[in-house]
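One structure is given below, encoded as structure tokens.
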Amino acid sequence: MGWDAGKLDALKARYGESHGGELFDPKFRRVADRIFSKSGTRLAPYAGIPTFLAAPYLPVDPQNPEFGDLQVAMVGVPMDLGVTNRTGSRFGPRALRTIERIGPYNHVLDCAPTHELRVADIGDVPFASRYRLEQSHDDIERHINRIVDAGVVPLSVGGDHSISHPILKAVGKNGPVGMIHIDAHCDTGGAFDQTKFHHGGPFRNAVLDGVLDPTRTIQIGIRGSAEYLWEFTYESGMTVIHAEEIPAMGIKAVIAQALEIVGDGPTYLSFDIDSLDPAFAPGTGTPEVGGMTTREVLEILRGLKGVNLVGGDVVEVAPQYDATTNTAHAGAQVLFEILSLMVFSPSVTATRR
């Protein structure tokens with residue numbers, strides 16, 4: 001049936017004088033009703049105090065933490081004392097907070113996570129010193145423990161990848177968790193320069209501490225000249241999908257393997273921005289050419305719907321190496337996708353009231 005004056009009149013009658021928040025499809029209206037005022041106004045994305053994904057801000061006193069009825073706490077971890085190359089990911093949390101216009105609706109997963117979950121930006125991990133790496137790791141573990149002990153799921157923004165070790169020590173303290181790890185590097189290296197606490201070794205440390213189950217761990221997007229450092233990955237039983245394998249496998253096969261590896265047990269999701277090709281994310285400390293596109297990464301993440309997530313992180317955004325802010329924008333979008341997955345995580349939904 002073609003276009004005619006009757007159709008035009010019907011559209012004019014329904015939409016001619018309406019505003020952008022007056023939607024008739026129930027799926028879309030449930031989102032619009034939370035965002036638009038009755039007069040059709042919504043908050044400008046560049047206005048107000050910036051928070052992760054424009055979520056509410058809930059300041060937490062570290063000495064007397066009170067999380068209310070939160071299900072998910074987004075927390076900044078501005079620490080990059082563990083880098084092996086370029087510094088700067090300490091500025092990652094601030095950069096992601098200033099990215100405007102991410103969400104609120106996830107059209108693939110059909111959810112608006114900041115409106116469907118009780119979630120807040122609770123600020124940054126309080127560090128006792130900006131100079132001492134091991135002490136900073138203790139500070140991270142202590143703060144994430146407060147979140148976990150309150151029955152809240154932590155979603156962290158770093159910072160360098162060494163932060164994942166103390167986070168996992170808190171998340172996996174009652175039993176080792178599985179992990180979906182999207183990265184250019186396996187990060188299972190050993191000690192060098194007189195310390196094992198660096199961003200090239202958090203997951204070796206986590207396995208040896210008994211908080212990460214390597215047989216339920218999959219690492220996706222691995223590539224580059226550091227392959228010889230990842231012996232522990234293979235010896236411990238982790239599964240690796242190299243970046244160069246992905247085109248032949250196809251994204252659906254990558255997703256299927258990830259779901260098979262982690263099963264329905266508690267799972268952590270760690271995303272390093274350098275998993276993306278530097279064409280999409282130049283603002284990072286250890287860029288590796290030959291990485292995934294943003295579209296491939298989003299497709300993988302969205303395929304993880306239903307995974308039992310008990311925590312997650314986005315790390316290694318170093319904004320000063322990116323004049324376009326594309327890296328921070330990609331990081332904020334990934335943060336949004338992980339939060340969207342938490343809408344469907346049994347560990348999160350079990351606390352929904």
Side-chain angles (χ1 to χ4, degrees), residues 49-52 57-65 67 73-99 120-148 154-171 183 185 187 189 191-206 209 270-274 281-287 311-323 325 327-328 331-332 335:
I49 304 300
T51 62
F52 292 128
Y57 175 53
L58 178 66
V60 172
D61 179 1
Q63 305 308 317
N64 187 28
F67 298 96
M74 292 189 287
V75 57
V77 193
M79 193 284 298
D80 63 3
L81 295 171
V83 300
T84 55
N85 190 32
R86 304 189 299 198
T87 59
S89 58
R90 67 183 64 183
F91 299 108
R94 181 167 290 186
L96 263 65
R97 286 187 173 107
T98 61
I99 294 299
D121 181 340
I122 65 167
D124 292 343
V125 170
F127 290 108
S129 171
R130 74 187 72 180
Y131 302 111
R132 300 178 63 185
L133 175 59
E134 287 85 349
Q135 181 174 307
S136 294
H137 281 190
D138 290 342
D139 292 337
I140 295 168
E141 183 182 355
R142 186 177 305 110
H143 198 63
I144 301 299
N145 263 322
R146 297 182 184 111
I147 298 170
V148 172
L155 179 51
S156 308
V157 177
D160 72 59
H161 219 154
S162 72
I163 72 168
S164 297
H165 175 215
I167 294 172
L168 282 166
K169 287 174 71 176
V171 171
D183 201 329
H185 314 98
D187 293 348
F192 64 91
D193 290 353
Q194 303 181 41
T195 182
K196 65 179 181 178
F197 301 107
H198 51 77
H199 74 167
F203 302 121
R204 177 193 292 223
N205 296 336
D209 283 341
S270 186
F271 183 88
D272 189 323
I273 201 70
D274 68 27
T284 191
T286 51
D313 62 51
V314 177
V315 298
E316 298 285 357
V317 172
Q320 69 273 40
Y321 304 113
D322 182 356
T325 74
T327 308
L335 185 71

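When a residue number appears, it is its place in the shown sequence, counting from 1.
- Between R132 and D139 no salt bridge is recorded (no basic side-chain N to carboxylate O distance below 4.0 Å).
- Counting heavy atoms from C-beta outward, I122 and Y57 have side chains that stay 4.5 Å or more apart.
- Across every non-hydrogen atom of R97 and P50, the tightest pair is O-CB, 3.2 Å.
- Using a 4.5 Å heavy-atom cutoff, the side chains of V75 and L155 are not in contact.
- Looking only at atom types and distance, the side chain of T286 has no donor-acceptor partner in the side chain of E316 under 3.5 Å away.
- Panel note: side chain Q320, backbone T87; a donor-acceptor pair is recorded below 3.5 Å.
- With a 4.5 Å cut-off on side-chain heavy atoms, P319 and F91 count as touching.
- The shortest distance between side-chain heavy atoms of V148 and V171 falls below 4.5 Å.
- D121 places no side-chain N or O within 3.5 Å of a backbone atom of T51 that could act as its donor or acceptor partner.
- The main-chain N or O of G189 is found under 3.5 Å from a side-chain atom of R204 such that the two form a donor-acceptor pair.
- Looking only at distances, a side-chain donor or acceptor of D80 sits under 3.5 Å from a matching main-chain atom of S89.
- S270 and H161 share a side-chain donor-acceptor pair at under 3.5 Å.
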| said: Using the rule given for side chain to side chain contact (heavy atoms under 4.5 Å, CB included), can you reason through H198 versus V83, listing the C-alpha separation, both sets of side-chain angles and the distance that settles it, and then say yes or no? | reply: CA-CA 6 Å; H198 51 77; V83 300; over 6 Å; no

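- In this structure, H137 and H165 have perpendicular ring planes: the angle between them is above 60°, well past the 30° mark.
- Between G331 and V314 the shortest heavy-atom distance is O-CG1, 3.9 Å.
- Remark: the backbone N or O of T327 is paired with a side-chain donor or acceptor of D322 at under 3.5 angstrom.
- Proximity of a side-chain donor or acceptor of D160 to a complementary backbone N or O of G82 within less than 3.5 Å is detected.
- Of all heavy-atom pairs between N85 and G285, the closest is ND2-O, 2.7 Å.
- With contacts defined as side-chain heavy-atom distances shorter than 4.5 Å, the pair D313/V157 does not qualify.
- Within a 6.0 Å sphere centred on CZ of R86, heavy atoms belonging to other residues, nucleotides or ligands number more than 12.
- Here the side chain of R146 pairs no donor or acceptor atom with the backbone of P65 at under 3.5 angstrom.
- S162 is listed as a side-chain neighbour of L133, based on a closest heavy-atom distance under 4.5 Å.
- Taking all atoms of both residues into account, the shortest heavy-atom contact from S156 to I144 is OG-CD1, 4.0 Å.
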